[in-house]
Structure formats: C-alpha cells, structure tokens
Amino acid sequence: MTEALLQVLGTDQTVDGAHEPALAVDTLVRMLKTMILVRCFDERALNLQRSGRIGFHVPSSGQEACQVGAAAALTPRDWVFPSYREPGLFLWRGSALEALYNNLYGNSGDLAKGRQMPVHYTDRAHNVVSISSPIATQLPQAVGVAMAARIRKDPIVVLTGFGDGSTSASDFHVGANFAGVYRAPVVFLCANNQWAISVPFERQTASASVAIKAQAYGFPGVRVDGNDVLAVYQAVRDAAERARRGDGPTLVEAFTFRMGPHSSSDDPKRYRPEALCEEWKKRDPIERFGRYLTKKGLLSEAEVSSAWEAGRQATADAARAAERLPPPPVESLFEDVYAEMPPHLRRQLDELLEERKAGESVNTSQAFPL
Ligand SMILES: Cc1ncc(C[n+]2csc(CCOP(=O)(O)OP(=O)(O)O)c2C)c(N)n1
Ligand SMILES: [Mg+2]
C-alpha cells in the first residue's frame, strides 16, 4: 500500500528524475496534443450546449492528465470500460473527434445510433465499451472481461475508469472483490476529483483515501497526482504490467479536480468555494506538462500555441460536421433487437411509415433529448 502521492512533475516545475518515464519524444508530444484536444473538445461542447445546439454535456476540464496518462500506458489490444468523464481515453485510442460529437448530437453518424444518452460514447473498433449511466456498473463488467481473458490466456489488460463517488456504490465492491479473488488483469482507475456532484469526499466515505480501499480486497492501491500526466502514466503502466504478469489488479487513485460543473445542468458555485477553483487552476495539468516539454526543449512555445490553434480548429470542424448530419432514420428504432423482425414490430413500423407519408406524425427528431 503506497499512501504517499506519487508525483513526477512538481507544481513548482521540479522533476523527479527517478520516476521520470523514458518515453519517446513523439509520444510525449502526442500526449500533450491529446490533452489540449480534450480541453478544446470540452470547451466547444459546453458552448454548443449553452447556445442551445445540443442538450447536455459532461465536461472533464482539469482531468485531462488522468485520461491521457492512463490511455498512453495501455496497448491497442487492451480493453477500456470508461466513465462519462473520459473522452481522452477515446481520443488517445483513435476515436474520431466527429464520432464524439455525433454522440452529443445523437445523429445518424452516432456509433450508438442515437440510442444512448449524450456523453455516452462508444468505440468498438478501439476496444472501448459503451458507457453505463448507473455509476460503477462498468467495474464488474470490466472484471468479467478480465477474468475471461485470464481463463483464455489472452495477455490483455482491462482498464476501467470511475470517480471517487463511485467507490461508495455496491458495484465498486463487487468488482474489486471478484478481481482480487480471481486475480483479474484489471486496472481500476479512480479519478478522485473530490466531489460526487455536490457531495464532498468526506461526506461520501469514512475511508482516509480511495487507494486504501484496495487493502480490503487484497491488492495494492496507489495514490498519484492526477494533474501530473507522467505520474498517472507511470502508475497505470506499473499496474498494467503487474496485471499482464498474472499478479492481479491494482487500484490507482488519481487525485484531481474538475474545473467546471459536474454537467451542463449543474452550478458548482452553490457548493464549492471559488477560491478553491482558483487554487486548482494553478495546478492545470496541461500547463504543467506543456512547461515541462518546453523547458526540456522538446517543443517550442510557438509549437504549443499552434497545438492549441489546431485543437480549436479541429473541434470546430468536427462539431460543424456533426451538426450537418441528419438524425438516425426512424426505421432504425425497430432494428437490432431481433435477427428477423417479428410480425408485431413489422406492423408498427408499417403503421409509422404510413402515418409519416400521410404527414400525420409530428417529426420531433430535431428536438433536444433532454
Ligand atoms: C447508481 C447511480 N446512483 C446515482 C447516480 C447519479 N449520479 C450521476 S453522476 C454521480 C456522481 C458520481 O461521482 P463520482 O463517481 O465521483 O464521479 P464524477 O462525476 O465526480 O466524475 C451520481 C451520484 C447514478 N448515475 N447512478
Ligand atoms: Mg468525483
């Protein structure tokens, strides 16, 4: 049990050389660019919601290091069961920006065919499983896949992401218990942003930390600075190696802060002091990593600025493209449950198409989902 907070990049620009991972320059630069893209994706999505163009968003600003550090420590064959606050896991693994916006619009390009809630991205091609709304349900799912991989001797690792509040849900305990008993090759990544909507950590649990909860289930828990992408990378890479060796799960607690609201429906000013937000702004994970790279001479200030430019442009283009796509065809409502459509559904479909032809039904497909 490591209870100290692992940190590679200090807030004061010091670097812990002993823990500095030996990553290729290309990888380091890609990590920064992906973090920037996540921030731009988020800002654009929140603006789309505020201007009434989409119905709902869940921002992850401030938590980019947790997402990208973890994603960079996995291989493409590994599987990921994310939470709703982790678009960076998708972007690092190769999901198109447009695919994420397609989900926010619930349009005909949405990989979930407009049937999921917004912010519930999915990407089967990159081994990222569709997000579950009930918190922590992804843990037993991830553990099941990891147990199956172990039985089949498939050397994959499964990572599942969740928040601090999720560790009070029963599925956290079910998942952790099974993972411990069966030594499932799973990495539990908890982004501890210190709140479950408006409930602060100390009102959620009497445990001193999230990491300590692993002790009860017989595997290690580590705490890392969740605003330090290299620390998150290091901890998740160690955990993934341990899992791949057959030594079982690890719980990684990434201590962080969400800079924005819980969702577009939330006003954090009602429960979180502004001064604290100002304090955490100084620990911005993107700024910290950007300064590290420029100080090392791996990127110039001008290159960092153009990465922001490129991020803003790419997100604007992708959002615009998503907005142009029509809603899913109404017929798709009747697909995918049965291999062959049963007669009662066929009748309902025919009726609907007849009504549409006669102009009887109101087309609400442009209405916002929430
Ligand atoms: C089983 C269940 N209970 C309650 C909710 C409502 N809910 C949605 S998000 C959330 C807070 C989760 O907090 P945390 O796990 O810390 O993640 P964060 O939102 O901070 O990333 C709650 C209670 C839910 N989705 N599922
Ligand atoms: Mg939380």
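Start at 1 and go down the list; that is how both ligands and their atoms are numbered. Index from 1, following the sequence. Model, not experiment: these values are computed from the prediction.
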Next item on the list: Determine, using heavy atoms of Phe162 and all atoms of ligand 1, whether some pair is separated by less than 4.0 Å.
Entry: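 It does not; every heavy atom stays at 4.0 Å or beyond.
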
Sub-4.5 Å side-chain heavy-atom contact between [X] and [Y]:
X      : Y      : value
His57  : Leu48  : no
Val224 : Leu5   : no
Thr167 : Cys190 : yes

Margin query: With a 6.0 Å cut-off (strictly less than), is the heavy-atom count around CD of Glu309, excluding the residue itself, greater than 12?
Written below: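 Not more than 12 within 6.0 Å, no.
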
Note to self: For Phe178, I'd like to know if atom CZ has over 12 heavy atoms of other residues, nucleotides or ligands within 6.0 Å.
What the structure shows: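 Atom CZ in Phe178 is not packed in, count stays at 12 or less.
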
Next item on the list: Report, in ascending order of atom number, the atoms of ligand 1 lying under 4.0 Å from any heavy atom of His262.
Entry: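 Answer for ligand 1: 9 (S), 19 (O).
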
Next item on the list: Just jot down the ligand 1 atoms closer than 4.0 angstrom to any heavy atom of Gly163, in number order.
Entry: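 Listed by number with element: 14 (P), 15 (O), 16 (O), 17 (O).
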
Which heavy atom of the protein is the closest neighbour of [atom], given with residue, atom name and distance?
atom                    : value
atom 21 (O) of ligand 1 : Arg85 NE, 2.8 Å
atom 15 (O) of ligand 1 : Ser166 OG, 2.6 Å
atom 3 (N) of ligand 1  : Ile135 CG1, 4.1 Å
atom 17 (O) of ligand 1 : Tyr84 OH, 3.3 Å
atom 7 (N) of ligand 1  : Ile197 CD1, 4.0 Å
atom 14 (P) of ligand 1 : Gly165 N, 3.4 Å

Notebook entry, point to check: Is the Mg ion (ligand 2) less than 2.8 Å from an N/O/S atom of Phe201, whether that atom is in the backbone or a side chain?
Noted result: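 False for Phe201.
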
Check: Is there an N/O/S atom in Ser166 that lies less than 2.8 Å from the Mg ion (ligand 2)?
Finding: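 Ser166 does not place any N, O or S atom closer than 2.8 Å to the Mg ion (ligand 2).
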
Next item on the list: Please determine if Gln63 has a nitrogen or oxygen closer than 3.5 Å to a nitrogen or oxygen of ligand 1.
Entry: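 For ligand 1, there is no N or O atom that lies under 3.5 Å from one belonging to Gln63.
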
Next item on the list: Using the side chain to side chain contact (heavy atoms under 4.5 Å, CB included) rule, pick out the option among Asp42, Asn193, Asn227 that qualifies with Gln63.
Entry: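 That would be Asn193.
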
Check: Arg272 and side chain to side chain contact (heavy atoms under 4.5 Å, CB included): which partner among Gln194, Arg258, His262?
Finding: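 In the set Gln194, Arg258, His262, the residue that makes a side chain to side chain contact (heavy atoms under 4.5 Å, CB included) with Arg272 is Arg258.
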
Could you see which bit of [X] sits under 4.0 Å from ligand 1, with heavy atoms only: side chain, backbone, both or neither?
X      : value
Arg258 : neither
Ser133 : backbone
Asn193 : side chain

Notebook entry, point to check: Between the main-chain N or O of Gly161 and the side-chain N or O of Gln138, is there a donor-acceptor pair closer than 3.5 Å?
Noted result: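 Yes; at least one donor-acceptor contact below 3.5 Å.
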
Next item on the list: Tell me yes or no: between the side chains of Thr75 and Asp78, is some donor less than 3.5 Å from an acceptor?
Entry: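 Yes, a side-chain donor-acceptor pair sits under 3.5 Å.
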
Check: Asp164: which N/O/S atom is nearest the Mg ion (ligand 2)?
Finding: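 This residue's closest N, O or S atom turns out to be OD1.
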
Notebook entry, point to check: What pair of heavy atoms forms the shortest contact from Pro185 to Met147, and how long is it?
Noted result: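 Taking Pro185 first and Met147 second, the nearest heavy atoms are CD-N, 4.5 Å.
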
Check: Does atom 5 (C) of ligand 1 have any protein heavy atom closer than 4.0 Å?
Finding: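 No, there is none.
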
Note to self: Tell me if the aromatic rings of Tyr101 and Phe41 count as close, with their centers under 6.0 Å from one another.
What the structure shows: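 Aromatic pair counts; centres sit under 6.0 Å.
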
